[in-house]
**Student:** 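Pasting a structure below so you can have a look.
So you know, we letter chains A, B, ... as the sequences are listed, proteins then strands, and number each from 1.
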2 protein chains.
Amino acid sequence: MSVTIKDIAKLAGVSHTTVSRALNDSPLINPETKERIKAIAGSMNYTPNYSARSLVLDRSYNLGLFFTTLHTGTSAGFLYEAIKGVNDVIKDDYNLIVRGIDDYKSFHKVNRKNFDGIIVMSQSESDQSFIEYASDKEIPLVVLNRPVESVQVMNFVPDDQSGAYRLTEYLVQQGHRHIAIIEGKQGFKSTQARRDGYREALREHGISVPEAYYASGNYDLESGHAAMSKLLELPDRPTAVFCCNDDMALGAVKAVTERGLSVPEDISVAGFDDHLFSAFMSPALTTVRRPIEELSRAGAETLLKFIETKHSEKSLVLFHTELVIRDSVKSI
Amino acid sequence: MSVTIKDIAKLAGVSHTTVSRALNDSPLINPETKERIKAIAGSMNYTPNYSARSLVLDRSYNLGLFFTTLHTGTSAGFLYEAIKGVNDVIKDDYNLIVRGIDDYKSFHKVNRKNFDGIIVMSQSESDQSFIEYASDKEIPLVVLNRPVESVQVMNFVPDDQSGAYRLTEYLVQQGHRHIAIIEGKQGFKSTQARRDGYREALREHGISVPEAYYASGNYDLESGHAAMSKLLELPDRPTAVFCCNDDMALGAVKAVTERGLSVPEDISVAGFDDHLFSAFMSPALTTVRRPIEELSRAGAETLLKFIETKHSEKSLVLFHTELVIRDSVKSI
DNA sequence: CATAGAAATGCACACGTTAACAATGCTATT
DNA sequence: AATAGCATTGTTAACGTGTGCATTTCTATG
């Protein structure tokens, strides 16, 4: 059996209440007894029983970090940065529970008793029901990466539109006038934001885009390959292609090389996300970095603050994205 | 307030004991009452209070998945596959807590009360003390990825040596006779195993290796770049280089291209690990796949079984690695 | 018909912690 | 000297669940 506050109490010749107070730094306790008790607790190698504490305090000390899915579509780097960011913030006294939303057969066990707070790293609208469920159960909730409209939550999102804008503007500055886009998955907020940024930049520079330059994709590698293949067959071939994420950019580059052409000599390619591999492809990919780790860190901090103070701004906060210039875009 | 078994008891006109037994499928309870109570519980949207249950049952329903570090050295793919593998196995009633060992200021809160079991994805000997600590506290423990000798634990490890052997043999089969190696971090078990596999294959084929062909590295990208740079300056330049992981292979390829040479035309390169990006580099990397996800799945399964039956083989199990042939090795 | 035994249910306590309230001793103020 | 008030500690109950033992009810057997 492990040691409890009652054991300490016996040894110290006080009541277990006094021990509890002493260990929790209650101002009610005489500083001397407090020290004495702490010393005894230390020497007995005492560790509090969290279950008992949770029961009476009605707090689990669990934080949930939920992803849309862990199976497909979630990039490893994404998971990595998110976990790192959150773990950096929470102290030793919280447990970080990582789960894919689609792994739950039922949300039954997700409730305020089991989770002091929840961070949803949302990648698609499919977890809308989960978000609404958690919000409904009044579990402290912050949603990252994707703007949520149906319910009021703390919501931290990278500013995809301005990232796409700056990237496109950069392409223009490098002398490109024929700039195509390979789009993300239809229906995703991120797809729209990136397209909007692209459009806005071109419009402001007085560049019009032929219909054929809008190539459809779905964020995966193969779709990037297919889309680029089509673009290359165009009579009026673009000199630069903005791929809405790095995965598709990788597929696109592959399509170019397969045709015996080269990036960036024959055609420039840019991506979005700054995946881990992007710096090491050849050519190293010019892209836009999304601050996933910062996002997660900020999310965790806000969540903790909310748990403690019980109030916070439930509003959308945009996070700065950053243009990363490498070697896949040629100046012409 | 949320609903408890006492609320159900009141509504059903029985004692809370009966409710508890009914919900736990005790054979003591009349099947009809059992059904009735379950129905009521369902309609009231009852969820058990895990803290209370934990307190009396002395089980936390928490499983820990611990990495050596989450900061540097842990590849994202590694983390991803491990989490996926474990999460695939545990049912809805366990929480998976993910943490970097070096994030703990003190292991104090790691004990049998807080964790029903622990999986350590060990990447270096620096977590030896953690493993011994957990073993000492008699927390059900399985260590993955790295062989542990100082204590008896369930230990699942990829067979790096045979993987390195097969890869090297493949290089020989492709006609290579001048095969260099870029080694991993000194002191790591994996470094030694891979070097051993490499040596063994060459010895068995009667190929001797000049001292200069042993290039030192430390598993990171830059070290691969540096090591390859040296190898390329050798008067007796190798025709193939076995890099002890994919990260270093990537750096090595970069070093080759920077010199205006090309892989695999001028020099063949092979890696180890089968990182996510490896299939998409150009050229796609020939490498050895380590079954991290299988490892994790098996580890989780064994751990759960141990938790339930309280006994299991505490021994080392090697997992099959797999040669993945792509485009970075030329037949000469 | 009496009774042994099985089946079903309830009572009371335990798990380890916190907290409201009570109690004690002491100091300072009148 | 009486008392108000503060500092410190103790008493007791509570959180929600599971379980050993007692109790009741029913069934079968002689």
**Student:** Take B:Leu55 and B:Lys34, find for each the nucleotide of DNA chain C with the closest heavy atom, and name the residue whose nucleotide sits nearer the 5' end.
**Tutor:**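 It is B:Lys34, whose closest nucleotide lies nearer the 5' terminus.
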**Student:** Between C:dA12, C:dT9, C:dA20, which one does the side chain of B:Asn30 approach most closely?
**Tutor:** C:dT9
**Student:** Strictly distance-based, threshold 3.5 Å: is any side-chain N or O of B:Asp159 a donor or acceptor partner for the main-chain N or O of B:His320?
**Tutor:**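 No; zero donor-acceptor contacts below 3.5 Å.
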**Student:** Rounded to whole angstrom units, what separation is found between the CG atom of A:Asn49 and the P atom of C:dT17?
**Tutor:**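 Those two atoms, CG and P, are 6 Å apart.
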**Student:** Measure CD1/B:Ile8 against C1'/D:dG18 and give the value in whole Å, please.
**Tutor:** 15 Å
**Student:** Remember a base hit wins even if backbone is also touched, and classify B:Thr4 as base, sugar-phosphate or nothing at under 4.0 Å, heavy atoms.
**Tutor:**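 The residue B:Thr4 makes sugar-phosphate contact but no base contact.
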**Student:** Without decimals, in angstroms, what is the distance between B:Arg21 CZ and C:dT9 P?
**Tutor:**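 Atom CZ in B:Arg21 sits about 10 Å away from atom P in C:dT9.
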**Student:** Checking contacts here: which listed nucleotide (C:dA8, D:dG20, C:dT18) is nearest the side-chain heavy atoms of A:Ser20?
**Tutor:**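 Of all the options, the side chain of A:Ser20 is nearest to C:dT18.
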**Student:** For the pair made of CG in B:Leu57 and C1' in D:dG16, what is the distance, rounded to whole Å?
**Tutor:** 11 Å
**Student:** Indicate, with a heavy-atom threshold strictly under 4.0 Å, whether B:Tyr46 touches base, sugar-phosphate, or nothing.
**Tutor:**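 Sugar-phosphate contact only - B:Tyr46 comes under 4.0 Å of backbone atoms but never of a base.
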**Student:** To the nearest angstrom, how far is A:Tyr50 atom OH from C:dC15 atom C1'?
**Tutor:** 18 Å
**Student:** Would you find a donor on one side and an acceptor on the other, under 3.5 Å apart, between the side chain of A:Tyr80 and the backbone of B:Phe78?
**Tutor:** no
**Student:** C:dA20, C:dG10, D:dT17: which one has an atom nearest the side-chain heavy atoms of B:Thr18?
**Tutor:**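 So the side chain of B:Thr18 is nearest to C:dG10.
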**Student:** Return the 5'-most residue of the pair B:Thr17, B:Ser51 with respect to DNA chain D, ranking by each residue's nearest nucleotide.
**Tutor:**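 Counting from the 5' end, the first nearest nucleotide belongs to B:Ser51.
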**Student:** Does B:Ser54 reach a base, just sugar-phosphate, or nothing at all? Heavy atoms under 4.0 Å.
**Tutor:** nothing
**Student:** Side chain of B:Arg59, base of D:dG18: donor and acceptor closer than 3.5 Å?
**Tutor:** no
**Student:** Can you say whether the rings of B:Phe130 and B:Phe107 are parallel (under 30°), tilted (30 to 60°) or perpendicular (over 60°)?
**Tutor:**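 It falls in the perpendicular class, over 60°.
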**Student:** Between A:Arg53 and C:dG16, is there a contact of a side-chain N or O with OP1 or OP2 at under 4.0 Å?
**Tutor:** no
**Student:** Nearest nucleotide by nearest heavy atom, which residue falls closer to the 5' end of DNA chain C, B:Ala52 or B:Thr33?
**Tutor:** B:Thr33
**Student:** Answer with yes or no whether the side chains of A:Asn114 and A:Ser60 bring together a donor and an acceptor at under 3.5 Å.
**Tutor:**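 Per modelled atom types, A:Ser60 and A:Asn114 side chains form no pair under 3.5 Å.
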**Student:** As a test of reading the structure: which of C:dG10, D:dT19, D:dT17 is closest to the side chain of B:Val14, going by heavy atoms?
**Tutor:**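 Within the option list, the nearest is C:dG10.
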**Student:** Mind checking whether A:Tyr104 and A:Phe66 have parallel, tilted or perpendicular rings, split at 30° and 60°?
**Tutor:** tilted
**Student:** Which part of the nucleic acid, if any, lies within contact of A:Ser15, taking any heavy atom under 4.0 Å across all strands shown: a base, the sugar-phosphate backbone alone, or nothing?
**Tutor:**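 Counting heavy atoms under 4.0 Å across all strands, the contact made by A:Ser15 includes a base.
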**Student:** From CD1 of B:Ile29 over to P of D:dT25, roughly how many Å is that when rounded to an integer?
**Tutor:** 16 Å
**Student:** Rounded to whole angstroms, how far apart are NZ on B:Lys6 and C1' on C:dC11?
**Tutor:**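 So the NZ-C1' distance, B:Lys6 to C:dC11, works out to 12 Å.
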**Student:** Taking NZ from B:Lys10 and C1' from C:dG10, how many angstroms apart are they, rounded to a whole number?
**Tutor:** 16 Å
**Student:** For A:Leu28, which contact category applies under a 4.0 Å heavy-atom criterion: base, sugar-phosphate, or nothing?
**Tutor:** base
**Student:** Looking just at side-chain N and O atoms, do A:Arg99 and B:Asn95 make a donor-acceptor pair shorter than 3.5 Å?
**Tutor:** no
**Student:** Could a donor-acceptor pair under 3.5 angstrom be found where the side chain of B:His16 meets the base of C:dT9?
**Tutor:**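 Result: no qualifying N/O pair found.
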